[in-house]
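Notes for the one structure printed next.
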Amino acid sequence: MEHHNMTNRYESLNAADAEEITELEIDLLLDGLYRRYGYDFRHYARSSIRRRLQYRMNREKVPSITALLERILFDPEAVDRLLQDLSIRVTEMFRDPSFFLALRKKIVPELRKLPEIRIWHAGCSTGEEPISMAILLEEEGLGDKVKIYATDMNEEALNVARKGAYRLSSMQSYTKNYLQAGGIMEFSKYYTTTESEAIFNRELMQRILFFQHNLVMDRSFNEFHLIICRNVMIYFDDRLQQHVHQLFHESLSVNGYVGLGSNESMLYAEEVSKYRTVDAVEKIYQKLH
Ligand SMILES: C[S@@+](CC[C@H](N)C(=O)[O-])C[C@H]1O[C@@H](n2cnc3c(N)ncnc32)[C@H](O)[C@@H]1O
């Protein structure tokens with residue numbers, strides 16, 4: 001971790017006081033961020049918020065979280081920097097291939113029966129996940145029937161996503177994922193290359209609509225046959241997870257599916273009766289009513 005040369009305000013306190021004050025400061029900062037800029041991180045898991053704020057404090061060279069609050073209130077560019085820290089964007093194509101394999105085997109045969117298919121990727125980051133889905137459905141002959149809605153709260157990530165261009169050096173590991181996910185073609189058929197980038201084909205990109213949507217504040221905007229939301233709710237506290245589950249339930253058609261991926265916890269008790277478990281490991285559920 002980077003060191004800053006200003007006196008750290010917490011050093012003079014005993015551990016209990018430092019802890020109490022830090023918690024209070026975090027509350028105030030998150031409140032300020034919400035009230036001034038409308039970004040609501042108040043119900044994100046506290047441990048990762050703490051780490052991120054500490055990192056931003058060091059980068060901004062401020063001695064306390066209160067000083068960081070002051071900075072973001074008076075300097076909108078510092079808010080952008082903080083937002084990038086708070087949104088963890090790590091992703092890859094065909095991430096956790098077994099998840100995509102389960103979709104291919106268990107969900108695609110059901111989707112095939114529908115006249116048109118609407119899929120929502122919530123928290124799509126820089127787009128690798130929905131593009132993987134577009135490839136999978138193309139191979140299953142469902143490309144023409146599908147519309148993929150890919151959303152994230154982070155506009156900067158969405159701008160990367162819309163280009164569909166990724167580092168050429170990542171393609172080797174993505175090809176491996178693709179094959180493990182049941183891919184049946186040459187992966188390189190889906191992109192053209194420049195010296196440093198792989199640019200995914202227009203026909204694939206046209207199946208995907210990228211736009212900003214915040215799971216904390218924004219409402220349901222369509223009815224879907226499949227919702228994918230992986231590695232997003234792990235950053236939320238129980239109450240916020242519950243809220244998002246309600247949003248997904250409202251946004252799913254009867255018999256529609258939600259896929260959370262193996263890193264998420266189970267559905268909460270309140271939801272369990274409304275769903276059937278399709279895959280307990282990959283956390284794929286079907287809405288019953
Ligand atoms: C780690 S990435 C996951 C990307 C992809 N789903 C995957 O599993 O590879 C988490 C994404 O969730 C987004 N996110 C976090 N909070 C959100 C919220 N309240 N509403 C919408 N997106 C959010 C972040 O901006 C980030 O792009």
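Keep in mind that what you see is a predicted model, and the values were worked out from it rather than measured. Order of appearance sets the numbers: ligands from 1, and atoms from 1 within every ligand. Index from 1, following the sequence.
With a 4.0 Å cut-off on non-hydrogen atoms, Ala157 does not touch ligand 1 at all. When non-hydrogen atoms are compared, ligand 1 lies under 4.0 Å from the side chain of Glu129 (C-beta onward) but not from its backbone. The proximity of Asn214 to ligand 1, defined as any non-hydrogen pair under 4.0 Å, involves the side chain as well as the backbone.
Using cut-offs of 30° and 60° for the angle between ring planes, the Phe221 and Phe211 rings count as perpendicular.
For atom 22 (N) of ligand 1, the nearest protein heavy atom (residue, atom name, distance) is Met153 N, 3.3 Å. Closest to atom 7 (C) of ligand 1 among all protein heavy atoms lies Arg95 NH1, 3.2 Å. Looking at atom 8 (O) of ligand 1, its nearest protein heavy atom turns out to be Asn231 ND2, 2.7 Å. Remark: minimum distance from atom 12 (O) of ligand 1 to any protein heavy atom is reached at Val232 CG2, 3.6 Å. The nearest protein atom to atom 10 (C) of ligand 1, hydrogens excluded, is given as Ile88 O, 3.1 Å; this is a heavy-atom distance.
Ligand 1 has an N or O atom lying under 3.5 Å from an N or O atom of Leu215, backbone or side chain. In terms of N/O distances under 3.5 Å, ligand 1 is approached by Gly123. At least one N/O-N/O distance between Asp152 and ligand 1 falls below 3.5 Å. Considering both main-chain and side-chain atoms, Glu92 never comes within under 3.5 Å of ligand 1 through any nitrogen or oxygen pair.
Here Lys106 does not pair with Glu282 in a salt bridge; the nearest charged N to carboxylate O distance is not below 4.0 Å. A salt bridge does not link Arg50 with Glu25: every distance from a Lys NZ or Arg NE/NH1/NH2 to an Asp or Glu carboxylate oxygen is 4.0 Å or more. Checked for salt-bridge contact, Asp85 and Arg51 miss the test: no charged N lies under 4.0 Å from a carboxylate O. Salt-bridge annotation for Arg95 and Glu128: absent, with no side-chain N of the basic residue lying under 4.0 Å from a carboxylate O of the acidic one. In summary, Arg71 and Glu60 engage in a salt bridge, as defined by a charged side-chain N under 4.0 Å from a carboxylate O.
For ligand 1 and Ser125, the ligand atoms under 4.0 Å from any heavy atom of the residue are 4 (C), 27 (O). For ligand 1, the atoms lying closer than 4.0 Å to a non-hydrogen atom of Asn154 are 25 (O). Short contacts between ligand 1 and Val216, defined as distances under 4.0 Å to a heavy atom of the residue, involve ligand atoms 19 (N).
Residues Leu33 and Leu86 have side chains in contact (heavy-atom distance under 4.5 Å, counting atoms from C-beta outward). Residues Leu179 and Phe187 are not in side-chain contact: their nearest non-hydrogen atoms beyond the backbone lie 4.5 Å or more apart.
You'll find the ring centres of Tyr149 and Phe224 inside the 6.0 Å limit.
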TODO: Report the C-alpha distance between Leu168 and Ser196 in whole Å, list the side-chain angles of each, state the deciding distance to 0.1 Å, and finish with yes or no for side chain to side chain contact (heavy atoms under 4.5 Å, CB included).
DONE: CA-CA 5 Å; Leu168 195 53; Ser196 58; 5.6 Å; no

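Ser253 and Glu223 form no side-chain donor-acceptor contact under 3.5 Å, judged by distance and modelled atom types alone.
Contact between His213 and ligand 1 is present, with at least one heavy atom of the residue lying under 4.0 Å from the ligand.
Atom 18 (C) of ligand 1 has its nearest heavy-atom neighbour, among Tyr235, Phe41, Tyr44, in Tyr44.
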